[in-house]
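Here the structure is laid out as structure tokens; the discussion comes afterwards.
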Amino acid sequence: MFRKQDISIAQQGPAATAALSLREMLPQFHNGTAPAPARPLRARLDDFDLLVDLGADIGSRTWWRGFATCLGLCGAALSFAPGLPALEMPGGATLGEAQYQEMRADGIAPLAYGADTGRRAGATRAVEPLADTPERPSIDLTATLGRGDGFARTLERVGVSADEANAVVKMVSGAVALGQVKPGTRVELTLGRRPNKNVARPLDHLAFRAAFDMRLGIERENGALALRKMPIAVDNTPLRVQGRVGSSLYRAARAAGAPAGAVEAYIKALASRVSMNAIGADSRFDLIVAQRRAATGEVETGGILMAGLDRGKTTLRMMKWNDADGRESWFDATGTGETKGAMKMPVTGGHTTSSFGMRRHPLLKFSRMHKGMDIGAPMGAPIYAATDGLVKFAGWHGGHGNYVMIGHADGMATAYAHMSRIVARPGQHVRMGQVIGYVGSTGLSTGPHLHYEVYKGGVAINPATMKFQTTLRLAGGELARFKARLSGLLATRIGGGETKSAAKASAAEAAGD
């Protein structure tokens, strides 16, 4: 390897001594690289490229040359651009001084833009400050009775004195129970003139809807408050809805105008007599719902009064009626109905998927006693109490999941397992057909169903051996009154409006004929 410093080589000769350095002897090794051979000008021009990628080799000589080329091209383009002179628009007519002042006075604009709107007139020597501002002779107010709010407290909140508020409450409670006044009731008030600002305004007028068929008013007469009752005419004609079942009984009845609660009660009533799978699309439903229509336009709907179903060859008509024990039950047109003490299927439209007895558990994979019957039903389907009783347990119960046990007379008990949600509460008295929970799949379960158990004396028995329904038949005068009432309901026109025969039937029922 050659060093960087010069090395002299002496050559002896007759003429003289010549000294050559390493740079002179081997010029190709200077700086460690060999010089590039000279290239022709045409080849160098062929390699020259005006289009330079400005995104690469930023800061190099090639990049700066491309940047300068770009600036030159942009400048050339701008130099040939046409001019943009301002457009001349015709000006509007100039307003005179009087017109301008009139426009300012009438214009609606912010004060910052020169408008006079909202500007107060400047005070002059004719303005005298008032020692006290006058009050309006009366004030009309509206108060709303809130949930859990007292009637007197509502009046005091809007400015009525405590003494007058208590006097109003005493007068109103003598006409109607204050507990019957619904939350959200609007109370209209008029407060009169007061002698000074240190006392409350006197109550001159008060009016509100105390009941569906009554409006109460309080007026000040000769300096004292007086109560005035204003009855509201109410039409108690029930609502009758009919139609074709189609693809869905529930949707068809709702589309025909029946309230949601009435449709649910109607389907529940039918399920006790007819299998839901036996109701075809061409069947026709018929239900009558209690309804009240006030002269002021309000409508109140009550419970279902009659449930009917026409399946072509067979027609079912059922009406609610009090049995011998004073309990309201469904009776058909012949006077036959359910009796107290009977057991009904706890799930409407369900089907048995596993019976009582020994079986191989689907999850535990060994055989053990199955102390009930499994009833397949959709998730969320309501579960009803099989008969009247007292709820002994309601909560989580191991593999049973959400579990309810109800005790009945004569040492009988029923249990309901795998619920998705429990409605019944421990210690609650429930009646046959009352909703106690909803079908689910909690605990050791493979799918939504109801595990239903029946116990007698603490020992599990086969629920299939129990009678799910017994009947009672009306007779004598009770049957005659029942049929008179049913005839009156069946005379109701679709959409409401009883016929004359219906009115006569109702009158006969009231007379006890």
Side-chain angles (χ1 to χ4, degrees), residues 105-106 108 116-124 126-237 239 259 290-302 496:
D106 296 336
I108 299 176
D116 289 336
T117 305
R119 190 191 297 275
R120 294 189 178 185
T124 64
V127 176
E128 297 180 2
L130 294 175
D132 191 11
T133 57
E135 288 188 329
R136 288 184 288 177
S138 64
I139 299 178
D140 295 328
L141 299 171
T142 300
T144 302
L145 186 64
R147 186 178 299 277
D149 201 1
F151 200 87
R153 190 163 55 249
T154 302
L155 297 181
E156 293 178 22
R157 193 164 49 242
V158 295
V160 180
S161 65
D163 293 339
E164 286 197 341
N166 292 329
V168 169
V169 169
K170 186 176 180 180
M171 298 170 65
V172 171
S173 60
V176 63
L178 290 179
Q180 295 180 1
V181 181
K182 298 180 180 179
T185 300
R186 294 168 60 88
V187 183
E188 301 170 1
L189 305 100
T190 299
L191 302 181
R193 187 188 296 274
R194 56 184 173 178
N196 57 71
K197 293 184 178 180
N198 297 325
V199 297
R201 284 179 175 268
L203 178 64
D204 287 349
H205 167 78
L206 181 146
F208 69 100
R209 185 77 167 266
F212 188 77
D213 56 353
M214 181 182 296
R215 183 176 175 86
L216 294 182
I218 295 179
E219 302 288 343
R220 184 173 295 276
E221 299 176 357
N222 299 324
L225 296 176
L227 178 67
R228 184 164 54 95
K229 297 181 180 180
M230 296 170 281
I232 300 174
V234 175
D235 179 15
N236 293 313
T237 302
L239 171 67
Q291 178 178 260
R292 298 198 300 168
R293 287 174 289 188
T296 52
E298 294 82 5
V299 177
E300 254 187 8
T301 56

Mark yes or no for whether [X], through its side chain, and [Y], through its backbone, hold a donor-acceptor pair below 3.5 Å.
X	Y	answer
Arg201	Gly192	yes
Arg136	Ser138	no
Arg153	Glu156	no
Arg220	Leu203	yes
Arg194	Val199	yes

*Using the side-chain contact (heavy atoms from CB on, under 4.5 Å) rule, take Val168 and Val160 through it: C-alpha gap first, then chi angles, then the decisive distance, then the call.*
CA-CA 10 Å; Val168 169; Val160 180; 5.8 Å; no

Nearest 0.5 angstrom please: [X] [atom1] to [Y] [atom2], how far?
X	Y	atom1	atom2	answer
Thr185	Asp149	OG1	CG	11.5 Å
Leu178	Lys170	CG	NZ	13.5 Å
Ile218	Met171	CD1	CE	4.5 Å

*Quick one: are Leu239 and Val299 in side-chain contact, heavy atoms under 4.5 Å?*
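No, too far: nothing below the 4.5 Å cut-off.
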
*Could you tell me whether the side chain of Leu189 reaches within less than 4.5 Å of the side chain of Val158, counting heavy atoms only?*
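Sidechains of Leu189 and Val158: in contact.
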
*Does the pair Glu221/Arg228 count as a salt bridge with the N-to-O cut at 4.0 Å?*
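No salt bridge links Glu221 with Arg228.
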
*Would you call Lys182-Glu300 a salt bridge at under 4.0 Å N-O?*
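Result for this pair is yes, salt bridge flagged.
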
Return the minimal non-hydrogen interatomic distance between [X] and [Y], and the atom names on each side.
X	Y	value
Ala165	Ala152	CB-O, 3.9 Å
Ile232	Ala295	CG2-N, 4.1 Å
Met230	Leu216	CE-C, 3.6 Å
Thr237	Asp235	OG1-OD1, 2.7 Å
Thr144	Arg157	O-NH2, 4.2 Å
Val176	Ala210	CG1-CB, 3.8 Å

*For Glu298, which of Arg293, Arg209, Arg215 qualifies under salt bridge (Lys or Arg N to Asp or Glu O under 4.0 Å)?*
Arg209

*Any luck finding a side-chain donor-acceptor pair between Asp204 and Thr190 under 3.5 Å?*
no

*Will you find, in the side chains of Asp163 and Ser161, an N or O donor that is under 3.5 Å from an N or O acceptor?*
no

*List for me each residue that meets salt bridge (Lys or Arg N to Asp or Glu O under 4.0 Å) alongside Arg186, sequence neighbours excluded, and say none if there are none.*
none

*Pairs in or reaching into residues 151-170: which pass ring-ring contact (aromatic ring centres under 6.0 Å, His included), with residues at least two apart or in two chains?*
Phe151-Phe208

